[in-house]
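Here is the structure we will look at, set down as structure tokens.
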Amino acid sequence: MSQTVLIVGGGAAGMLAALTALEDPQNTVLLSERQARVGRKLLSTGNGRCNLSNLHAAPHHYHGRDPDFCRYALEQFPVSSTLAYFAALGLETVTEPDGKIYPRSNMANSVLDVLRYALEHPRLHLLSGDGVADLRKKGDTFAVTFLSGERYTNIDKVILACGGVAGSKVGGVLDGYKLAKSLGHHRTALYPSLVQIKTDPTYPRALKGVKTPARLTLRRGSRVLAENEGEILFTEYGVSGPAVFEISRYASTGGDGLTLHLDLWAEKSAEEILRHLRARRDAKKADAPTEQTAGTIFAGVLHSRLGQVVVKAAGLSPAAALRALTEQDLTLLAGLCKDFPLPVTGTCGFDQAQVTAGGLDTSEFDPHTLQSRLIPGLYACGELLDVDGDCGGYNLQWAWSSARLAGRLL
């Protein structure tokens, strides 16, 4: 029996849901995208390289009110099946040692291109450049009205794949939440995730542009909320970089009173660092043209500006004589190197976030079909649902897996 399927959203999830629905020869698909072209947000992922998946994709890399909600979809369309699917479309991929998967071309355009070419199908009608203004269930079918006033009726199934509100400059919108709400659905609170963390700017501002490896611990008092290790980038307002993005969800949702603690020389203990600093102070350099200063004590270990900031944070003058530093000074410097605290003031907003934490209440959807428990014939997938993954390709894998499941229209 033939049926008409409306998919709202032409991003990663929407495109794959459309392709999946087209596999049933009885389906005619209307793919709606408010922007002029599909897949714009996809082009910005992975810094333009498109980190389309991760070998380690599993439920423990995902978050939400019910983190296990994603399990069935990931099992039904795992990473291996995703790569095979894209290979059949003509996409060659490479896998990095940490499990991140990219197109062989190293360009996000390659992922979008194979999807766009596959969508050139006689039973698919692309409705682009026009947003959905109203969606209603009338009897057994749906009716949709677009912002332009164009209207379609007798739609048998609807898949909401609008994405989240993150990245408004590349397509993040509230449309999906609003449409679902109009049909009786609810959502959890929304927070920016995979985003820069804002801190007291005193020291980060002086270090703007400096990159350094560090071990990060996010705490409220003595309670550890998140830990990570990797490269960070100091900015005018706080810290950025992959290691920061991975714990930003906890900074975004954690409320007030948070502090980010940086271990700037994670390979060494405080005692080992103290011995190193002591040796630097006591080194005899009779042939040196000028006497070394306290600001150089971390030379060869930390970025020169970072080393001077640590000295200043200890209440010492970088211009003071290195040999004049006391044992107490060295102990304080070693301690700050192991635990440099930055009071957290929040995160950057949705405009700069890569992903939305929170979304449509997953208890109102069947995890085995992604069909609404409230409105038969209505489905949702991707970032719109209250499922968000860690940094590193996990969110796109959720988009593919959930879209594949929803597109089957079970």
Calculate, to the nearest 0.5 Å, the distance between atoms [atom1] and [atom2] belonging to [X] and [Y] respectively.
X	Y	atom1	atom2	result
T199	R205	OG1	CZ	9.5 Å
Y117	L89	OH	CG	12.5 Å
M107	L43	CE	CG	9.0 Å
F245	I197	CZ	CD1	9.5 Å
T345	L258	OG1	CG	10.0 Å
Y379	K157	OH	NZ	4.0 Å

Hey, can you tell me if H185 and F365 have their rings parallel, tilted or perpendicular (30° and 60° cut-offs)?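 H185 and F365: parallel rings.
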With sequence neighbours excluded, what pairs up with E92 under the side-chain hydrogen bond (donor to acceptor under 3.5 Å, both in side chains) test?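 None.
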So [Y] and [X], do their side chains get closer than 4.5 Å, heavy atoms only?
X	Y	value
L396	S53	no
D388	Y394	no
Q371	L378	no
L233	V239	no

Donor-acceptor pairs under 3.5 angstrom involving side-chain atoms of residues 314-323: please list them, not counting sequence neighbours.
| from | atom 1 | to | atom 2 | distance (Å) |
| --- | --- | --- | --- | --- |
| S317 | OG | A319 | N | 3.2 |
| R323 | NE | E291 | OE2 | 3.0 |

Any side-chain donor-acceptor pair under 3.5 Å between N54 and H61?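 Distance-only check fails for N54 and H61.
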Is there a donor-acceptor contact under 3.5 Å linking the side chains of Q397 and T82?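 The criterion, which ignores hydrogens and geometry beyond distance, is satisfied for T82 and Q397.
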Centroid-centroid distance, Y203 to F234, less than 6.0 Å: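 Between Y203 and F234, the centre distance exceeds or equals 6.0 Å.
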Are N51 and T45 close enough, and set up right, to give a side chain to side chain contact (heavy atoms under 4.5 Å, CB included), and what steps lead you there? CA-CA 6 Å; N51 182 190; T45 61; 6.0 Å; no
Run the side-chain donor-acceptor check on residues 267-276: report pairs under 3.5 Å with partners two or more places apart or on a different chain.
| from | atom 1 | to | atom 2 | distance (Å) |
| --- | --- | --- | --- | --- |
| S269 | OG | E272 | N | 3.1 |
| S269 | OG | E272 | OE1 | 3.4 |
| E272 | OE1 | S269 | N | 2.8 |

Can a donor-acceptor pair be found, under 3.5 Å and without considering hydrogens, that links the side chain of N228 to the backbone of I247?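 Pair absent, no side-chain N/O of N228 close to backbone of I247.
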Between L190 and F350, does the side chain to side chain contact (heavy atoms under 4.5 Å, CB included) criterion hold? Intermediate values first, please. CA-CA 9 Å; L190 305 178; F350 285 110; 3.9 Å; yes
Using the ring pair (Phe, Tyr, Trp, His ring centres under 6.0 Å) rule, take F86 and W400 through it: C-alpha gap first, then chi angles, then the decisive distance, then the call. CA-CA 10 Å; F86 276 100; W400 311 132; 4.9 Å; yes
